[in-house]
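Step one of this worksheet: look at the structure below.
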Protein chains: 2
Amino acid sequence: MTLAELSLKEYLVEQTKLIDQELDRLVPAEDVAPSTIHKAMRYSLFAGGKRIRPILCLEAARSIAGHDVEGAVTVACPLELIHTYSLIHDDLPALDNDDLRRGRPTSHKVFGEAMAILAGDSLLTFAFEVLGRLGNARLVAELASASGTVRGMIAGQVHDIEGENQAPTAELLDQIHRAKTGALLRCSLRLGAIHAGATEDQLASISAYGEHIGLAFQIVDDILDVTQTSEELGKTAGKDAEQHKITFPAVYGLDASQHMAEEQRGLAHAALEQFGGSARRLHELADLIVDRNS
Amino acid sequence: MTLAELSLKEYLVEQTKLIDQELDRLVPAEDVAPSTIHKAMRYSLFAGGKRIRPILCLEAARSIAGHDVEGAVTVACPLELIHTYSLIHDDLPALDNDDLRRGRPTSHKVFGEAMAILAGDSLLTFAFEVLGRLGNARLVAELASASGTVRGMIAGQVHDIEGENQAPTAELLDQIHRAKTGALLRCSLRLGAIHAGATEDQLASISAYGEHIGLAFQIVDDILDVTQTSEELGKTAGKDAEQHKITFPAVYGLDASQHMAEEQRGLAHAALEQFGGSARRLHELADLIVDRNS
């Protein structure tokens with residue numbers, strides 16, 4: 001059976017396997033000295049993550065090229081390394097102080113705070129080692145910018161921390177989420193598209209799709225934090241309200257938030273028009289992001 | 001007066017100014033939102049560091065090319081960004097728990113632990129953004145590897161943490177310091193040399209010089225921690241013994257350590273033979289590293 005013939009569920013299992021194999025190939029084995037740090041990196045990296053960023057990267061490349069692009073799975077892996085580093089550092093006592101992540105104890109609960117800080121640093125550093133070895137410096141600059149302090153992931157985290165106990169305004173919410181989740185999701189798609197040789201016009205469409213699903217992703221995340229239990233989520237639910245985080249439900253209410261997610265879904269589909277059938281999985285992934293319940 | 005005519009002291013002042021200007025140009029200004037993170041990055045970055053790594057990078061480029069190489073000062077800056085990130089994270093309560101660095105309160109004492117963790121992450125990320133924008137992916141891979149977990153800086157930190165309260169063996173000491181300080185110093189020289197178009201033979205000599213001064217640097221650092229006061233060092237003295245760190249004086253004693261530093265100095269000078277007069281400052285820097293008292 002070809003990839004195209006698989007159901008979405010089967011396809012996701014296949015793609016997750018593909019990415020996990022490549023991550024396993026890239027990241028130093030647990031017995032490479034000093035082994036504690038490699039154990040800690042792998043503990044968080046192989047904790048059942050959904051690999052949504054690498055999968056988006058692979059599909060962006062396929063949408064552009066119309067087929068699998070050599071090396072795309074390697075390009076995809078640093079996105080998961082960056083995402084995982086951000087989770088480890090976010091969970092630290094000084095930040096969100098979370099004991100539970102994907103249903104398992106967080107890195108600092110298992111390895112101690114010092115090693116969790118270093119494990120995050122290591123995954124971040126290794127992401128750039130992988131991209132550097134591939135030889136395309138533009139991908140490095142794109143990933144660093146999307147992870148960075150101006151309009152990237154760290155900007156979002158800082159806005160988020162500073163936003164606690166501030167009045168939840170629409171403007172602040174937009175700043176937080178465009179940076180915190182949106183930048184890396186958008187970057188996931190851009191890396192795949194650039195690697196596949198996208199034209200500027202194609203890259204713009206792929207980026208627009210990325211922005212819309214990024215916003216949808218965050219809106220749904222905020223909604224689930226209110227409506228689901230910790231067990232359903234595999235992480236502590238209700239933390240946003242407890243920490244007075246600025247979320248979509250807090251600013252707009254649940255109903256309007258749901259409506260906004262639907263609107264972003266529609267815009268995401270529309271952004272893919274020029275790619276026709278080769279963007280089929282990106283269409284399905286947009287739906288998956290909005291319709292998920294964990 | 002040309003750079004060559006300056007005394008070593010004047011030369012170091014000039015070079016520090018050059019690098020500080022470039023860092024200031026590269027790093028987002030304090031008023032760029034979110035401003036807290038840019039303040040925290042700049043607080044630690046402009047804290048009177050001696051810029052030894054960027055200067056080594058510049059001089060390696062000059063040794064190869066025989067003159068100033070365009071863009072070398074930009075290549076040099078990520079080395080200081082990485083070094084500064086490592087200091088911020090090293091000083092955290094979960095790691096070395098240091099309140100004082102270069103005579104000033106450490107990042108987490110001023111900005112809080114959450115922001116100090118993020119400031120380190122930011123400097124690390126930004127280092128790769130700068131190198132990525134320059135367009136040479138090999139430099140990215142070299143810097144990431146030298147900062148990483150296998151034979152790089154993080155490997156050294158992990159060996160260091162795990163070595164506390166272990167028997168101080170020569171083998172463990174070698175592992176720690178080759179990785180912890182040596183890898184990044186060696187990399188500083190390699191980035192400059194690669195940027196200047198070094199042949200493999202030239203790169204090997206520059207790397208050998210880097211290994212010898214790296215080892216000398218760490219031996220002297222360990223000696224100073226025993227022989228100097230906190231005031232003289234601008235950081236807490238005597239921490240190594242207090243934390244039962246594996247140091248050169250702990251393994252070999254003070255006299256033998258001093259002798260080893262001298263030996264490395266000699267090997268460093270010898271490694272520069274093929275570069276003749278264009279490596280004059282590298283010779284002077286080797287002497288400076290061994291003869292410093294802070």
Side-chain angles (χ1 to χ4, degrees), chain A residues 27-28 32-38 40-41 82 85-86 89 92-96 108 112-122 124-145 147-150 152-159 161-162 175 179, chain B residues 27-28 32-38 40-41 82 85-86 89 92-96 108 112-122 124-145 147-150 152-159 161-162 175 179:
Chain A
V27 177
V32 173
S35 70
T36 319
I37 192 71
H38 299 124
M41 289 167 79
I82 294 281
Y85 120 72
S86 78
H89 282 190
L92 286 167
L95 286 110
D96 281 354
H108 64 273
E113 267 187 71
M115 209 53 74
I117 292 166
L118 292 176
D121 294 345
S122 302
L124 171 51
T125 304
F126 192 64
F128 292 107
E129 185 166 345
V130 172
L131 277 191
R133 277 197 235 133
L134 281 172
N136 185 344
R138 182 177 175 190
L139 301 183
V140 172
E142 290 259 345
L143 182 62
S145 169
S147 311
T149 62
V150 178
M153 191 177 67
I154 298 176
Q157 288 169 311
V158 176
H159 281 305
I161 291 171
E162 299 198 324
Q175 273 185 330
Chain B
V27 176
V32 172
S35 68
T36 317
I37 192 72
H38 299 125
M41 288 166 80
I82 294 280
Y85 120 73
S86 78
H89 281 190
L92 286 168
L95 286 110
D96 281 353
H108 64 273
E113 268 187 72
M115 209 54 72
I117 292 166
L118 292 176
D121 295 345
S122 302
L124 171 51
T125 305
F126 191 64
F128 292 108
E129 185 166 344
V130 172
L131 277 192
R133 278 197 234 132
L134 281 172
N136 186 344
R138 182 177 175 189
L139 301 183
V140 172
E142 290 260 347
L143 181 61
S145 170
S147 310
T149 62
V150 177
M153 190 177 68
I154 297 176
Q157 289 169 311
V158 175
H159 281 305
I161 291 170
E162 299 197 324
Q175 273 185 327

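Naming: A, B, ... by sequence-line order, numbering from 1 per chain.
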Open item on the list: Counting only non-hydrogen atoms closer than 4.5 Å, does A:M153 touch chain B with its backbone (N, CA, C, O), its side chain (CB onward), both, or neither?
Closed with: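 The answer is neither part of A:M153.
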
Open item on the list: What part of A:L92 gets within 4.5 angstrom of chain B, counting heavy atoms only: side chain, backbone, both, or neither?
Closed with: side chain

Chain A contact via [X] - which portion, at a heavy-atom distance below 4.5 Å:
| X | result |
| --- | --- |
| B:H108 | neither |
| B:F126 | neither |
| B:L134 | neither |
| B:E162 | side chain |
| B:M115 | side chain |
| B:P28 | side chain |

Open item on the list: I'd like to check A:I154 versus A:V158 (side-chain heavy atoms, cut-off strictly below 4.5 Å). Are they in contact?
Closed with: yes

Open item on the list: Are B:L118 and A:L95 packed together at the side-chain level, in the sense that at least one heavy-atom pair is separated by less than 4.5 angstrom?
Closed with: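 SC-SC contact between B:L118 and A:L95 confirmed.
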
Open item on the list: So, taking the atom named OG1 in B:T149 and the one named CD in B:Q157, what distance separates them when rounded to the nearest 0.5 Å?
Closed with: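 Interatomic distance, B:T149 OG1 to B:Q157 CD, rounded to 0.5 Å: 11.5 Å.
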
TODO: Describe, in one word, how the ring planes of A:H89 and B:H89 are oriented to each other, choosing from parallel (under 30°), tilted (30 to 60°) and perpendicular (over 60°).
DONE: perpendicular

Find the one option among [options] whose heavy-atom pairs under 4.5 Å with chain B are most numerous.
| options | answer |
| --- | --- |
| A:D121, A:L143, A:T36 | A:D121 |
| A:S147, A:G112, A:A114 | A:A114 |
| A:S86, A:S145, A:G120 | A:S145 |

Where do [X] and [Y] come nearest, in terms of heavy atoms and distance?
| X | Y | answer |
| --- | --- | --- |
| B:G156 | B:A179 | N-CB, 3.5 Å |
| B:A144 | A:T125 | O-CG2, 3.3 Å |
| B:M41 | B:A119 | CG-O, 4.2 Å |

Which one, [options], leads in non-hydrogen pairs under 4.5 Å with chain A?
| options | answer |
| --- | --- |
| B:A116, B:A137, B:A33 | B:A137 |
| B:L124, B:V130, B:V32 | B:L124 |
| B:H159, B:R133, B:R138, B:E142 | B:H159 |

TODO: Walk me through it: do A:I82 and A:F128 pass the test side chain to side chain contact (heavy atoms under 4.5 Å, CB included)?
DONE: CA-CA 9 Å; A:I82 294 281; A:F128 292 107; 4.1 Å; yes

- [ ] Would you please test B:V150 and A:H38 for side chain to side chain contact (heavy atoms under 4.5 Å, CB included) and show each step?
- [x] CA-CA 9 Å; B:V150 177; A:H38 299 124; 4.0 Å; yes

